Amino acid sequence: MAIVGAGPAGLLLAALLARHDIDAVIVEQRSAEYVLSRIRAGVLEQTTVDLLREAGVADRCLQEGLTHDGIELSFDGGLHRIDFRALTGKHVTVYGQTEVTHDLMRSRAGANLTTDYEAADVEIEGFDGEHPVVRYVRNGVVQELACDFIAGCDGYHGVCRASVPREAITTYEKVYPFGWLGVLADVPPVRPELIYANHERGFALCSQRSKARSRYYVQCSLDDQVDQWSDDAFWDELRRRLPAEIAEAVTTGPSIEKSIAPLRSFVAEPMRFGRLFLAGDAAHIVPPTGAKGLNLAATDVGYLARGLAEYYLEGSDAGLDEYSARCLSRVWKAERFSWWFTSLMHRLPEAGAFGFRLQQAELTYLVGSRSASSALAENYVGLPI
Ligand code: APR
Ligand code: PHB
C-alpha cells in the first residue's frame with residue numbers, strides 16, 4: 001500500500017492498516033516539522049475518537065481531550081445553549097488536530113514504520129491498471145514504489161486527484177465571499193464550551209485547545225491581510241461581536257499564531273479510480289463552521305482500512321467496491337450541514353438587512369424548538385457510520 005500525504009488522513013489510515021499487519025509506505029512532500037506546525041481545528045466526533053482507539057493512538061486524547069456536552073449560540077445580544085447530551089445522548093471531544101497528528105507520528109516512529117518526508121516531484125501512475133507506481137525524488141535519488149493500491153491523502157492541492165483524467169471525475173465547489181481570521185493565545189477560554197456568534201458585524205467563534213489555551217476566530221474580508229490586524233484590533237472586534245457580559249469576560253493576550261483562512265465547500269466524485277482511493281481533503285473540503293473536516297477524513301480512512309482488510313484477509317472486494325458511495329453519502333450530509341451552519345451564522349454580503357433578519361428569525365426558532373435543536377446537535381456530534 002502506498003499512501004501519498006502524511007496529514008491526519010494518511011497517518012490514521014496507515015495506523016489502522018498496521019493493526020491488520022498490512023504494510024504501507026507514506027510519501028510526504030514536506031518535513032515532519034512543517035506538517036506539525038500547521039494549526040488546524042480540534043473538535044472530534046465520537047466516531048473519530050473510536051477510530052483513534054482502534055488504531056491504538058487514543059491514550060493522550062482520552063487523557064487530555066476535553067469532553068463537551070454542548071455548544072452555545074449567541075445572537076441579538078443573547079446566549080443560548082444547545083445541549084448535545086440531552087438532545088442526542090452524545091458529546092464531542094475538544095483535542096487539537098495538531099495533537100492528533102503528533103500522536104499518530106509518534107506511534108508510527110515508535111513502530112519503525114516508513115514515512116518518506118521531503119519527497120519531491122511526487123508522481124503516480126498505473127492506478128487504472130494492475131501495477132500502480134508512486135515515483136518521487138528523495139535526497140536527489142529517484143525512488144519508485146510499486147504497490148497494489150494508492151491512497152491519495154495529499155489534501156486539496158495534492159498530486160493524486162490532479163492525476164485523475166478530467167473526464168473520469170466530477171467536482172462541485174462553492175467559495176464563500178469571506179474568510180476566518182484566527183488567533184491562538186495562551187489565555188483561559190472565555191466559556192467552558194464553544195460559542196458560535198452571529199452578529200451584524202460578522203461571525204465570531206470562541207474555541208479552545210485546553211483550559212489555558214484559546215482559539216478565537218472572526219469573519220473577515222478575503223481582501224484582509226494578517227498584518228493589517230494587530231492583536232488589539234482583533235480582541236476589540238471579537239468583543240464587539242459577543243454579548244456584553246461575555247465580551248467583558250474575555251481574557252486577552254498576545255497571539256502565538258494568527259492567520260486568515262478562506263472558506264470553501266468542495267466535493268470530487270467518485271472517490272475511487274481503479275487502484276487509487278482518495279480520502280480526506282484530497283476529495284472534499286468543508287467550511288470549518290461545522291468542525292467536520294478532520295472527522296470526515298477519519299471516517300473515509302476508516303471505511304478504506306476496513307475494505308483493504310477484507311481484501312487482504314478475506315479475499316473480498318466488497319468493501320473496496322462500496323468505498324466511494326459509502327464515503328460520499330456521509331460527505332454530502334456533512335457538506336449540507338456545514339453549508340447550512342455557515343449560511344446561518346455568517347454575515348452574507350449579498351443577503352442584506354432582510355437576510356440578516358431572516359437569520360435572527362431562524363435562530364430564534366431554532367433555540368426555541370426541540371426538533372430544530374436536535375437536528376443541529378445530531379449533525380454536530382456526528383451522524384452514525
Ligand atoms: N506529494 C506528497 N505529499 C503531498 C503532496 C504531494 N504532491 N501534496 C500535498 N501533500 C501532503 C501535504 O503536505 C499534507 O501533509 O499531503 C498532506 C495532506 O494533509 P491535509 O491537508 O492535512 O489533509 P488530510 O490528511 O486529508 O486532513 C484533513 O486537514 O485541513 C484539515 O480541515 C481539514 O481537518 C481536515 C484535515
Ligand atoms: C477550532 O477550535 O479551531 C475550531 C472549532 C470549531 C470549529 C472550527 C474551528 O467549527
Side-chain angles (χ1 to χ4, degrees), residues 41 43 70-82 87 171-183 191 193-207 216-225 228-229 233-234 236-247 250 260-267 284-293 331-380:
V43 177
I71 55 172
E72 297 184 289
L73 300 182
S74 89
F75 65 97
D76 201 15
L79 204 56
H80 310 265
R81 184 163 184 265
I82 304 292
L87 293 163
T171 60
Y172 305 84
E173 185 154 28
K174 175 179 176 56
V175 177
Y176 297 82
F178 42 76
W180 276 16
L181 168 64
V183 156
R191 295 283 282 185
E193 293 172 338
L194 276 54
I195 302 176
Y196 287 85
N198 166 290
H199 191 276
E200 62 185 326
R201 297 179 66 89
F203 170 76
L205 170 61
C206 306
S207 182
Y216 291 101
Y217 299 94
V218 295
Q219 173 183 352
C220 67
S221 157
L222 283 173
D223 306 329
D224 284 6
Q225 302 297 319
Q228 278 174 263
W229 283 88
F234 176 85
D236 289 350
E237 188 55 43
L238 173 73
R239 286 188 291 211
R240 284 196 190 98
R241 300 183 187 186
L242 297 170
E245 78 278 9
I246 305 296
V250 171
I260 293 178
L263 273 68
R264 178 198 314 269
S265 296
F266 172 82
V267 180
H284 44 74
I285 301 279
V286 284
T289 326
K292 291 292 171 218
V331 165
W332 277 110
K333 290 188 190 109
E335 289 288 347
R336 184 221 56 92
F337 170 64
S338 304
W339 160 82
W340 169 79
F341 201 29
T342 300
S343 309
L344 178 63
M345 299 307 290
H346 287 72
R347 196 68 211 257
L348 309 175
E350 73 286 358
F354 180 70
F356 182 62
R357 294 307 299 268
L358 283 182
Q359 287 179 334
Q360 306 308 294
E362 180 164 359
L363 283 160
T364 307
Y365 161 71
L366 191 155
V367 298
S369 151
R370 186 176 174 83
S371 55
S373 299
S374 299
L376 167 57
E378 252 174 39
N379 280 278
Y380 196 100

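Every value quoted in this text rests on a predicted model; they were computed, and no experiment measured them. Residue indices begin at 1 and follow the sequence shown. Just so it is clear, the values below take in all heavy atoms, side chains as well, and ignore hydrogens, waters and symmetry mates.
Evaluation of the side chain to side chain donor-acceptor pair (under 3.5 Å) test over residues 350-360, restricted to residues two or more places apart or in two chains, returns Asn198-Gln359, Asn198-Gln360.
Take Ala41 and apply the side-chain contact (heavy atoms from CB on, under 4.5 Å) test, not counting sequence neighbours, and it matches no residue. By the side-chain contact (heavy atoms from CB on, under 4.5 Å) test, Ala233 pairs with Trp229, Ser230, sequence neighbours left out.
Relative to the six-membered ring of Tyr176, Lys174 meets both conditions, a distance below 6.0 Å and an angle of at most 45° to the axis.
Taking the six-membered ring for Trp and thresholds of 30 and 60 degrees, His346 and Phe178 have nearly parallel ring planes, at less than 30 degrees apart. Taking the six-membered ring where tryptophan is involved, the planes of Trp332 and Tyr172 are perpendicular, since the angle between them exceeds 60° and thus also 30°.
Without hydrogens or angle criteria, Lys292 side chain to Ile285 main chain gives no donor-acceptor distance under 3.5 Å. Arg241 contributes a side-chain N or O that, together with a main-chain N or O of Arg201, makes up a donor-acceptor pair within less than 3.5 Å. The backbone N or O of Ala334 sits less than 3.5 Å from a side-chain atom of Ser338, completing a donor-acceptor pair.
For the pair Asp223 and Gln228, the tightest heavy-atom approach, listed with the atom from each and the gap, is O-OE1, 3.8 Å.
Between Tyr196 and the options Tyr217, Tyr216, Phe341, Phe75, a ring pair (Phe, Tyr, Trp, His ring centres under 6.0 Å) holds for only Phe341.
The shortest distance between side-chain heavy atoms of Thr289 and Trp340 does not fall below 4.5 Å.
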